[in-house]
Amino acid sequence: MTTKRITIGWRGFSTARETAYGVPAPVDTAFNFEGSPTDIAVETALTDEKEITGFNEASAHEVLNWKLEGSHKQRALPHNLAYLLGLVMGQVTTDQPNAVGDPTVYRHFIERDLSTSELKSVTLVEHDGIQARSYPGVFGKSVKLTGERGDFLKVEAEFGGMGKEEASGLSKPALAAESYLRYGDVQFTRGGALTGSVAGGDLAVSGSPVSFAADLISFEWTLDNQARPIYAMGDGSGFVSRVERGDRFEHKLTAELEMQDDTHKTALLSGTPYVLNIPVTGSVISGGSGAFNFLCDIVFPRVVYRQAQKTADDQALIVKAGFQVLDDPVYGSVIVKVVNQQPGYLL
């Protein structure tokens, strides 16, 4: 007997959505990942221990239903950010900003899908170092993006699944030809005004937003859709029948900044709403005009400070800022724009 290693394993997803929940879609993209492999687990199992059966202990055991709860963690790429945020938020609008001069460049606007409570699902195939297994009915639950000085941006997503596991003969799909996003790619601005629209393809932060990139030590944003798996009456499969988001999306947005003055405390006291923008701009996309870069641009149309606590790291003064993400009547709570060479997500 020899020890099996996960180091030769891989993880792949379908970029297309499943046509119906649990109906597998073609798995066509691979992501590197950290941590443990994906596995199914028992959701509910019952015994007859509360019934009088003539035995001292339980004499029967039955599994009622199954679940899948997994996580995906790695350094951030435009591709994995667009994919994971699309799964959690639900709506992806894709166009080509210059189809003639840059035919391989695609732009994706990712928004909350408020038109339905039902979440879109995809198919996961994972090789755990022993064999490949297929997991249909995978849905996004939450995404956390973190960045700090001197490091790569990192993304961590929580996902669920219907609980079904099948053997797969799929070979590893291709990885996207993108570079990981670094701390030097990050900007962090407050203020200005949001103009244009997703439909018009001209969404932009205009005016004179203030940049805090030089002061920024780290930031963290978590978005949770409060996903709820449903085991429907009449479905005797034991697997999740469908999945819906919760009543509200939940945000957690924080940042640590070098303290230069009372700017953040003043904004806290005034309760002024701002546009908060975190554009992360990678390398130039080659093979075309050279006018487009790999990009993940996170826009919060309306935030206020809920915390601006000053503290010290050794002798350096810093501000621990926390933001309340508000729902703007025109633009919603968050819009993410991704530019890369992937033709679409969740189609």
How would you list, by chain and number, every residue that makes a salt bridge (Lys or Arg N to Asp or Glu O under 4.0 Å) with Arg245, sequence neighbours excluded?
none
pair [X]-[Y]: side-chain heavy atoms closer than 4.5 Å:
X      : Y      : value
Tyr135 : Lys164 : no
Glu220 : Thr222 : yes
Val27  : Leu124 : no
Val325 : Val334 : no
Phe249 : Asp224 : no
Met89  : Asn225 : no
Trp10  : Pro173 : yes
Val284 : Phe294 : no

Using the rule that Ile, Leu, Val, Met, Phe, Trp and Tyr join whenever any side-chain heavy atoms are under 4.5 Å apart, tell me whether [X] and [Y] fall into a single cluster.
X      : Y      : answer
Phe188 : Val336 : yes
Val186 : Leu223 : yes
Trp66  : Ile230 : no
Leu253 : Ile217 : no
Ile285 : Leu77  : no

Under a 3.5 Å threshold, yes or no: a donor from one side chain and an acceptor from the other, between [X] and [Y]?
X      : Y      : value
His108 : Thr93  : no
Asp327 : Ser333 : no
Asp48  : Ser59  : yes
Tyr180 : Asp185 : no
Arg242 : Tyr231 : no
Glu18  : Thr123 : yes
Glu166 : Ser134 : no
Gln341 : Tyr106 : no

Go through the steps for Val339 and Asn293 under the test side chain to side chain contact (heavy atoms under 4.5 Å, CB included), then give the verdict.
CA-CA 7 Å; Val339 178; Asn293 292 64; over 6 Å; no
For [X] and [Y], which heavy atoms make the closest approach, and how far apart are they?
X      : Y      : result
Phe31  : Gln74  : CB-OE1, 3.5 Å
Ser241 : Ala232 : OG-N, 2.9 Å
Gln260 : Asp215 : NE2-OD1, 3.4 Å
Glu178 : Pro78  : OE1-CD, 3.2 Å
Val125 : Ala132 : CG1-CB, 4.2 Å
Tyr305 : Ala321 : CE2-CB, 4.0 Å

How many angstroms lie between atom [atom1] of [X] and atom [atom2] of [Y], to the nearest 0.5 angstrom?
X      : Y      : atom1 : atom2 : value
Lys50  : Thr53  : NZ    : OG1   : 14.5 Å
Leu68  : Glu43  : CG    : CD    : 11.5 Å
Asp261 : Leu317 : CG    : CG    : 11.5 Å
Thr15  : Gln342 : OG1   : CD    : 7.5 Å
Arg112 : Leu85  : CZ    : CG    : 13.5 Å
Ile298 : Lys337 : CD1   : NZ    : 12.5 Å

Between Arg190 and Phe212, is a side chain to side chain contact (heavy atoms under 4.5 Å, CB included) present by the stated rule, with each step listed?
CA-CA 8 Å; Arg190 190 194 76 189; Phe212 291 97; 3.8 Å; yes
Hey, do the aromatic rings of Phe159 and His72 have their centres closer than 6.0 Å?
no
Given 3.5 Å as the limit, does a donor-acceptor pair link the side chain of [X] with the main chain of [Y], or not?
X      : Y      : answer
Asp202 : Ser197 : yes
Asp235 : Ser237 : yes
Tyr83  : Ser14  : yes
Asp328 : Pro301 : no
Ser206 : Ala193 : yes

Stepwise salt bridge (charged side-chain N to carboxylate O under 4.0 Å, His left out) check, Asp113 with Lys120:
CA-CA 10 Å; Asp113 185 359; Lys120 297 178 175 66; 3.2 Å; yes
Of Thr94, Asp95, Asn98, which meets side-chain hydrogen bond (donor to acceptor under 3.5 Å, both in side chains) against Arg107?
Asp95
Here's a test for you: under side-chain hydrogen bond (donor to acceptor under 3.5 Å, both in side chains), which of Arg302, Gln307, Arg306 qualifies with Gln324?
Arg306
Count the heavy atoms belonging to other residues, nucleotides or ligands that lie under 6.0 Å from NZ of Lys320, then report whether that count exceeds 12.
no
The side-chain contact (heavy atoms from CB on, under 4.5 Å) partner of Leu181 among Val280, Val155, Thr281 is Val280
Under 3.5 Å donor-acceptor pairs involving side-chain atoms of residues 139-153, not counting sequence neighbours:
residue, atom, partner, partner atom, Å
Arg149, NE, Leu216, O, 2.9
Arg149, NH1, Glu258, OE2, 3.0
Arg149, NH2, Ala214, O, 3.0
Arg149, NH2, Glu258, OE2, 3.1
Asp151, OD2, Lys154, NZ, 3.4

Mind running side chain to side chain contact (heavy atoms under 4.5 Å, CB included) on Val92 and Phe109 for me, showing each step along the way?
CA-CA 6 Å; Val92 184; Phe109 292 98; over 6 Å; no
One pair to check against ring pair (Phe, Tyr, Trp, His ring centres under 6.0 Å): Phe300 and Phe323. What are the steps and the verdict?
CA-CA 10 Å; Phe300 300 97; Phe323 301 93; 8.5 Å; no
Using side chain to side chain contact (heavy atoms under 4.5 Å, CB included), reason through Val304 and Leu268 one step at a time and then give a plain yes or no.
CA-CA 7 Å; Val304 294; Leu268 171 67; over 6 Å; no
Geometric cation-pi criterion Arg11 and Phe33, 6.0 Å radius, 45° cone
yes
